[in-house]
Amino acid sequence: MLDINLIREKPEWVKAQTAKRNTTAPVDEILADDGRRREIILEVEELRRQRNESSKQIGAWMGSLKKLEADLKRAEAGQYVGQELAALQTQLNAMQFNVDEAKADTGRIGDRIAELDEELRQVEARLRDNMLWVPNIVQDSVPVGPDESANVFHPPQGAPKPVFDFEPKAHWDLGPALDIIDFERGVKLSGSRFYILKGMGARLQRAVIQFMLNYHLEHHGYTEIQPPYMVRSAIFEGAGQLPKFFDNIYRDAEEDFMWLGTAEIALTNLHRDEILAEEMLPLKYVSYTPCWRREKMSAGKDVRGIKRGHEFHKVEMYQFTHPDKSLAAHEEMKQHALDICDALGFHYRLVDLATGDVGFAMSKTYDIEVWAAGCGEWLEVSSISNATDFQARRANVRYKPADGGKTRFPHTLNASGLALPRVMIALIENNQQADGSVVVPEVLRPYMGGVDVIR
RNA sequence: GGAAGGGUGGCCGAAUGGUAAGGCGCUCGUUUGCUAAACGGGUUGGGUGAAACAACCCAUGCAGGUUCAAUUCCUGUCCCUUCCGCCA
């Protein structure tokens with residue numbers, strides 16, 4: 001969610017920024033509702049003030065009234081003469097009248113407040129709803145273009161492109177042949193887009209997970225988090241996944257649980273509704289989780305092999321940073337992901353996503369694609385994004401500046417580090433030998449009990 | 001799954017319908033050979049407003065309701081604790 005002040009102060013600029021994403025946002029509606037909202041608040045607060053005052057007065061009168069009643073009772077018991085009794089009765093009547101009048105008046109104020117509150121509720125609901133449709137502002141360094149066709153591809157880097165003196169096979173042939181991927185039994189258990197990793201295949205994936213986690217912990221200074229894999233729907237809202245991606249989320253039919261589509265959802269909300277001390281920043285988390293996605297938007301796409309499943313595994317990096325530090329942190333996280341690619345010996349390329357392709361909540365995104373020699377594709381293994389304060393505002397994560405100023409929103413960044421199925425594809429396809437065996441990269445062997453070749 | 005109790009500031013904790021005590025911690029000041037102590041002040045978040053300071057409004061887990069007025073009464077809901085049952 002954007003800062004409403006930005007829209008108030010620079011509506012035309014926000015519209016222009018949104019247009020760069022090849023989309024539109026209801027800026028004018030927001031301005032109108034925001035203005036009306038402030039009018040109502042002004043009036044309703046004045047009315048509340050009046051009601052508070054008047055209620056206080058009634059309270060005081062009620063006290064006097066009780067005292068008068070007590071006096072009257074004693075008088076009736078014969079302790080006062082008739083004249084005094086009458087005077088008391090008059091006083092009491094007057095007081096009662098005052099109270100009744102004030103109650104009626106104040107009641108009318110209450111009715112008016114209720115009316116205005118109702119309108120305020122409507123205006124604010126509409127305002128919030130519209131605000132949710134305004135995407136984050138993209139950074140100036142993001143290449144401008146309507147869609148992914150404008151993405152900027154950098155020259156390949158990393159290890160040289162693997163070359164073979166035989167025809168390299170795709171993982172969907174190599175895997176079953178080595179008996180490390182079993183597509184048929186995966187489908188038997190769970191249907192299409194499911195597979196089984198078996199034997200050295202299972203161990204290889206476990207090795208990669210361990211390796212990546214340890215690398216981020218030991219070399220990049222992250223703290224490991226094992227979050228719940230099923231969370232409440234409010235957590236998805238906080239991460240900006242709802243309502244937009246409702247159809248893509250697996251959820252429990254009876255209880256309010258949803259299964260993570262990425263660890264980012266849990267990590268964004270880790271400090272939900274908290275006020276952090278500035279000294280705590282940056283917070284750097286790394287998390288290994290399964291990820292579940294219905295893949296409704298990609299029905300019929302990438303159905304072959306293990307590239308795109310309903311369930312996959314991923315190591316995810318996440319940072320909460322000081323707003324002034326997020327640009328540097330973004331570059332740093334990109335390097336953290338690249339370090340893994342280098343360690344695993346990948347041939348890869350960096351992609352600067354164009355304004356039309358950068359995710360709704362993000363201000364800038366890099367993709368890393370690794371070359372898979374068998375299927376002959378560049379596979380997206382990581383997406384590295386700076387959400388600036390967009391997600392923090394939505395999840396209500398704030399920090400208190402050390403100088404004691406007003407609370408501010410930190411910036412949040414996320415990066416895959418990396419996505420397992422595509423890493424597995426690249427490892428299997430790029431390291432294959434003529435006999436169909438697969439060489440295990442050096443760095444993974446300690447996690448494989450020393451095994452150097454899967455055959 | 002059943003039963004009971006509970007959720008109030010950074011922490012503890014009072015307030016049974018009258019407009020959120022008190023203490024601890026933290027912080028500033030005064031006093032003071034130093035420290036300590038004492039005394040005094042300050043000490044949440046959001047909003048409206050605004051040059052700034054005020055001022056005002058909202059917030060007692062959350063959402064509604066009753067009332068002139070709700071921490072207090074009512075309804076729903078979330079969470080925590082204890083006991084019973086079941087269970088890897």
Side-chain angles (χ1 to χ4, degrees), chain A residues 1-9 30-70 94-128 131 226-238 242 251-252 254-258 266 269-280 389 392-410:
Chain A
M1 200 149 51
L2 282 189
D3 185 351
I4 183 77
N5 284 310
L6 207 56
I7 295 176
R8 271 181 206 158
E9 287 159 20
I30 288 171
L31 281 176
D33 282 335
D34 180 54
R36 179 63 189 143
R37 171 177 173 272
R38 288 197 279 177
E39 278 174 22
I40 297 173
I41 286 174
L42 213 60
E43 188 176 349
V44 95
E45 286 191 351
E46 170 58 20
L47 290 171
R48 282 221 180 88
R49 195 192 58 74
Q50 287 174 19
R51 183 174 66 179
N52 287 347
E53 208 170 90
S54 161
S55 280
K56 230 176 255 184
Q57 181 62 62
I58 291 171
W61 282 339
M62 296 284 283
S64 312
L65 204 56
K66 267 201 191 111
K67 199 169 155 290
L68 283 171
E69 274 165 359
M95 187 61 76
Q96 185 67 57
F97 181 78
N98 282 346
V99 168
D100 290 345
E101 280 288 284
K103 277 192 185 180
D105 287 348
T106 313
R108 277 190 288 277
I109 295 177
D111 293 344
R112 179 64 184 146
I113 291 175
E115 271 174 41
L116 288 168
D117 269 345
E118 179 51 34
E119 191 190 345
L120 185 62
R121 244 196 299 277
Q122 287 173 17
V123 169
E124 286 192 328
R126 195 168 55 221
L127 182 61
R128 241 193 332 272
M131 285 295 287
Q226 280 189 21
Y229 300 154
M230 44 201 272
V231 299
R232 308 167 197 260
S233 54
I235 299 305
F236 273 73
E237 283 168 18
L242 279 175
R251 55 192 180 273
D252 185 86
E254 289 179 29
E255 291 178 84
D256 183 29
F257 284 122
M258 293 184 153
N269 285 276
L270 205 59
H271 296 288
R272 188 185 175 83
D273 295 327
E274 290 181 31
I275 299 177
L276 310 166
E278 183 175 346
E279 303 82 68
M280 292 167 72
D389 61 0
R393 184 172 288 108
R394 186 129 175 196
N396 196 29
V397 182
R398 292 165 293 172
Y399 74 92
K400 188 89 177 161
D403 63 16
K406 287 201 78 162
T407 56
R408 299 181 65 191
F409 293 101

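Atom set for the values below is all heavy atoms of this structure, side chains included, hydrogens, waters and symmetry mates excluded. Labels below follow one simple rule: chain letters A, B, ... track the order of the sequence lines, proteins then strands, and each chain is numbered from 1.
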Taken in chain and number order and not counting sequence neighbours, the residues that satisfy side chain to side chain donor-acceptor pair (under 3.5 Å) with Asp273(A) are Asn396(A)
Under a 4.5 Å cut-off applied to non-hydrogen side-chain atoms, are Ser233(A) and Arg251(A) in contact?
no
Could you tell me how far C58(B) sits from G25(B) if I compare only their P atoms? Round to whole Å.
33 Å
Suppose we screen for side chain to side chain contact (heavy atoms under 4.5 Å, CB included). Which residues come up paired with Arg38(A), at least two apart in sequence or across chains?
Arg8(A), Asp34(A)
Take atom P in A70(B) and the same atom in U19(B), then report the distance between them in whole Å.
12 Å
Given the P atoms of G13(B) and G2(B), what is the spacing between them in whole Å?
30 Å
note: Ile113(A), atom CD1; A69(B), atom C1'; distance rounded to Å ~ 11 Å
With a 4.0 Å cut-off on heavy atoms, is Ser55(A) in touch with a base, just the backbone sugar-phosphate, or nothing at all?
base
Would Ile30(A) and Ile4(A) count as a side chain to side chain contact (heavy atoms under 4.5 Å, CB included) here? Give the steps.
CA-CA 9 Å; Ile30(A) 288 171; Ile4(A) 183 77; 3.7 Å; yes
To the nearest Å, give me how far apart CG (Asp256(A)) and C1' (C79(B)) are.
14 Å
In this structure, how many angstroms lie between the P atom of U66(B) and the CG atom of Asp111(A), rounded?
10 Å
What is the distance from CD of Glu255(A) to P of G1(B), rounded to the nearest Å?
8 Å
Taking only the P atom of each, what is the distance from A54(B) to A63(B) in whole angstrom?
29 Å
List for me each residue that meets salt bridge (charged side-chain N to carboxylate O under 4.0 Å, His left out) alongside Arg48(A), sequence neighbours excluded, and say none if there are none.
Asp117(A)
Judged by nearest nucleotide, the residue sitting upstream toward the 5' end of RNA chain B, Lys56(A) or Arg232(A), is Lys56(A)
In the 5'-to-3' direction, what one-character label does each nucleotide of nucleotides 45-59 of chain B receive under the scheme B = base within less than 4.0 Å of a protein heavy atom, S = sugar-phosphate only, - = no such atom?
SSBSS------BBS-
Could you check how far NZ of Lys103(A) sits from C1' of G17(B), rounded to whole Å?
11 Å
Which dot-bracket notation, 5' to 3', represents the base pairing of RNA chain B when pairs are defined as Watson-Crick or G-U with both distances under 3.5 Å, crossing pairs as [ ], and inter-strand pairs as |?
(((((((..(((.....[...)))((((((.......))))))(((((......))))).(((((..]....))))))))))))....
Listed by chain and number, what are the side chain to side chain contact (heavy atoms under 4.5 Å, CB included) partners of Ala102(A), not counting sequence neighbours?
Ile58(A), Trp61(A)
Work out how far the P atom of G9(B) is from that of U72(B), and round it to whole angstrom.
15 Å
Under 3.5 Å, which protein N or O atoms sit close to an N or O of nucleotides 61-64 of chain B? Give each pair with its distance.
none

Considering only atom C1', compute the distance from G23(B) to G17(B) and round it to an integer number of Å.
27 Å
Check salt bridge (charged side-chain N to carboxylate O under 4.0 Å, His left out) between Arg37(A) and all other residues, then give those that pass, not counting sequence neighbours.
Glu124(A)
If the C1' atom of C78(B) is compared with that of C62(B), how far apart are they to the nearest Å?
7 Å
What pairs with Arg272(A) under salt bridge (charged side-chain N to carboxylate O under 4.0 Å, His left out), at least two apart in sequence or on another chain?
none
Identify, with sequence neighbours excluded, every residue that meets side chain to side chain donor-acceptor pair (under 3.5 Å) alongside Glu274(A).
His271(A)
Taking C-beta and beyond as the side chain, do Met131(A) and Ile7(A) meet within less than 4.5 Å on heavy atoms?
yes
Check whether any side-chain heavy atom of Glu278(A) sits under 4.5 Å from a side-chain heavy atom of Arg408(A), and report yes or no.
no
Quick check: on RNA chain B, is the nucleotide nearest Ala104(A) upstream (toward 5') of the one nearest Met62(A), or the reverse? Name the residue that is more 5'.
Met62(A)
Give a yes or no on this: more than 12 heavy atoms of other residues, nucleotides or ligands lie within 6.0 Å of atom CD of Gln226(A).
no
Using the P atom as the point on both nucleotides, what is the distance between C34(B) and A51(B), in whole Å?
47 Å
Salt bridge (charged side-chain N to carboxylate O under 4.0 Å, His left out) for Lys66(A) and Glu69(A)? Distances and angles first, verdict last.
CA-CA 5 Å; Lys66(A) 267 201 191 111; Glu69(A) 274 165 359; over 6 Å; no
Contacts of type salt bridge (charged side-chain N to carboxylate O under 4.0 Å, His left out), residue Glu53(A), not counting sequence neighbours:
Arg49(A)
In terms of side-chain geometry, is the basic nitrogen of Arg36(A) or Asp33(A) positioned less than 4.0 Å from the acidic oxygen of its partner?
no
Sort me out a list of protein N/O and nucleotides 85-88 of chain B N/O pairs below 3.5 Å, or just none if empty.
none

